[in-house]
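The structure appears below as structure tokens.
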Amino acid sequence: QLRSSDCGLQQRIKSMFYHAYNSYLDYAFPYDELRPLTCDGQDTWGSFSLTLIDALDTLLVLGNHTEFQRVASILQDTVDFDIDVNASVFETNIRVVGGLLSAHLLAKRAGMELEPGWPCSGPLLRMAEDAARKLLPAFETPTGMPYGTVNLLRGVSPTETPVTCTAGVGTFILEFATLSRLTGDPTFENVARRALRALWKTRSDIGLVGNHIDIVSTKWVAQDAGIGAGVDSYFEYLVKGAVMLQDEELLSMFQAYDRAIQNYTRFDDWYLWVQMHKGTVSMPIFQSLEAFWPGLQSLLGNLDSAVRTFQNYYSVWRQFGGLPEFYSIPQGYTVDKREGYPLRPELIESAMYLFRATGDHTYLQLGVDALESIEKIAKTPCGYASVKDLRDHQLDNRMESFFLAETIKYLYLLFDPTHFLHGGGTEGDGSWEEGGEAGECVLGAGGFIFNTEAHPLDPAALYCCGRHDQDRQELQDILLTLSQPGSQSKPPPKQTEGGSQSESIALKPGEKKTPPLLSCPVQPFSARLSILGQVFTDDT
Ligand code: DMJ
């Protein structure tokens with residue numbers, strides 16, 4: 001009989017993490033990734049010790065505060081984003097910006113020394129902002145939709161292709177709104193929203209988006225519509241953005257897409273790929289990346305269909321002991337050249353959400369299966385290797401950073417049902433911050449939202465720093481009114497495109513910001529935002 005809080009399993013998952021993590025430190029740091037067959041390292045998505053940034057908050061999740069503190073300070077000392085490197089705008093955002101933001105927000109729990117003004121300022125937040133600023137040139141396009149690649153030192157190359165995938169346009173709002181609301185600089189949230197609105201306008205008459213778009217001409221270059229590779233996290237960010245920011249525009253965009261997706265792509269609780277203008281099936285395949293969908297559906301309260309879809313995907317896992325990248329639904333088998341399993345998290349992620357929502361032990365069983373499979377197939381003397389072919393268990397010389405950031409984190413959280421990241425302090429786990437009554441921030445009160453790389457973000461912190469910024473705006477308005485004797489007119493407030501952010505009153509161009517002293521009003525967050533199970537419990 002499986003138990004959800006099985007200490008033996010938690011221990012085995014921790015051992016898995018440390019075998020991978022120590023191997024990275026021993027053989028690969030400061031490169032981005034470990035090569036687990038040759039026991040050395042390589043730069044992949046940039047040159048910023050990516051695995052260490054991506055794994056940082058997992059250390060805290062597993063309760064290792066001292067190592068979290070040590071690594072946080074190593075990263076501050078060693079990582080430099082002022083480098084002549086072409087980086088993926090999408091990957092840098094979800095792994096680097098997301099990882100640093102999450103570590104910044106968890107720094108207090110990890111016992112780090114905090115500077116005055118935290119969580120609205122801090123060294124890890126400044127690093128995240130620094131990395132994100134390097135991505136901003138990619139958004140300077142006629143449509144506002146970003147290029148896929150940017151050179152961190154020189155900006156976008158004049159020869160850069162304008163063709164990028166849908167997820168590469170629509171996967172910024174969580175990190176960029178967090179940055180804007182914590183720092184008070186609306187630029188990030190504004191560019192993310194502009195890209196989302198531009199993308200929304202390009203949907204077909206039947207309400208679908210394709211896979212690759214020319215961000216200058218807005219022409220769809222690949223017209224396959226589905227929920228997997230190239231698109232997946234766009235839908236994820238509409239839902240999670242709606243939850244985190246209480247944003248009805250994002251929710252209604254998702255709901256419109258969801259109707260079209262259910263209508264045209266769903267068959268027997270599988271999701272196929274269809275032509276975005278006609279709705280005719282173009283590829284009857286299931287992709288491993290699509291396995292996040294049942295978890296996302298459970299966030300919206302659509303449990304029945306989420307459970308059935310999960311069962312379909314789990315049957316594929318059982319057939320191969322992992323999820324092949326592509327699986328042909330009519331043939332019931334893998335697809336040529338897509339037989340690998342690079343230790344992805346998505347099915348485990350969905351299992352975590354569905355176990356929280358249903359308590360059904362099927363989801364724990366998937367966790368045990370995943371643990372056993374990965375140990376048996378992918379473990380090497382110096383790490384865990386991507387599986388090149390699930391049919392014969394050949395391995396690839398690669399351990400992606402998401403194995404530490406996501407796969408192991410979700411696996412651990414599946415077997416730790418009282419973990420603070422499960423939300424809200426409602427289970428008496430001591431995760432509430434003191435001081436709400438006294439008018440201070442109540443962090444962790446609204447649950448956590450995981451970005452698409454499993455980096456938890458705290459919506460309460462956004463609200464708290466946002467309020468702080470609003471207070472400064474009100475003060476600015478009063479000061480300006482007072483400085484204009486006789487003038488009765490109130491200066492118009494500066495606003496973001498979608499919200500109430502403002503520029504700092506004291507800043508002149510080029511001036512450095514000093515950490516603000518924080519005194520937030522009690523934030524009225526309720527468990528309405530709980531990320532687990534049904535999200536919108538009132539009539540929204
Ligand atoms: C991760 O980097 C993210 O989850 C992304 O959204 C999709 N690909 C990998 C994991 O499979």
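Indexing begins at 1, ligand by ligand and atom by atom, following the structure's order. Quick note: numbers below take in every heavy atom, side chains included, and nothing from hydrogens, waters or symmetry partners.
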Using a strict threshold of under 4.0 Å (side-chain N to carboxylate O), is an ion pair present between Glu372 and Lys376?
no
Specify whether His19 and Tyr384 have parallel, tilted or perpendicular ring planes, treating 30° as the upper limit for parallel and 60° as the lower limit for perpendicular.
perpendicular
Using a strict 4.0 Å cut-off to heavy atoms of Leu289, name the atoms of ligand 1 that fall inside it.
7 (C), 8 (N), 11 (O)
What protein heavy atom lies closest to atom 2 (O) of ligand 1? Include the residue and the distance to one decimal.
Glu453 OE1, 2.6 Å
Does the N or O separation between Glu346 and ligand 1 drop below 3.5 Å for any pair?
yes
Of the side chain and backbone of Glu236, name the one, both, or neither that has a heavy atom under 4.0 Å from an atom of ligand 1.
neither
Ion pair Glu400/Arg95, N-O distance below 4.0 Å:
yes
Please write down residue, atom name and distance for the protein heavy atom closest to atom 9 (C) of ligand 1.
Phe402 CD2, 3.6 Å
Below 4.0 Å from ligand 1: does a non-hydrogen atom of Arg95 turn up there or not?
yes
Parallel, tilted or perpendicular: which one describes the rings of Phe286 and Tyr313, with boundaries at 30° and 60°?
parallel
One pair to check against ring pair (Phe, Tyr, Trp, His ring centres under 6.0 Å): Trp317 and Tyr341. What are the steps and the verdict?
CA-CA 10 Å; Trp317 180 288; Tyr341 171 57; 5.4 Å; yes
Only heavy atoms of Thr452, strictly under 4.0 Å: list the atoms of ligand 1 that pass.
3 (C), 4 (O), 5 (C), 6 (O)
Would you please name every residue forming a salt bridge (Lys or Arg N to Asp or Glu O under 4.0 Å) with Asp57, sequence neighbours left out?
Lys409
For ligand 1, does Ile94 get within less than 4.0 Å through its side chain, its backbone, both, or neither, judged by non-hydrogen atoms?
side chain
Look only at interatomic distance and state if Ser233 has a nitrogen or oxygen under 3.5 Å from any nitrogen or oxygen of ligand 1.
no
Any idea which part of Ala454 is under 4.0 Å from ligand 1, heavy-atom wise: side chain, backbone, both or neither?
neither
Check: Asn451/Glu453 side-chain N/O donor and acceptor closer than 3.5 Å
no
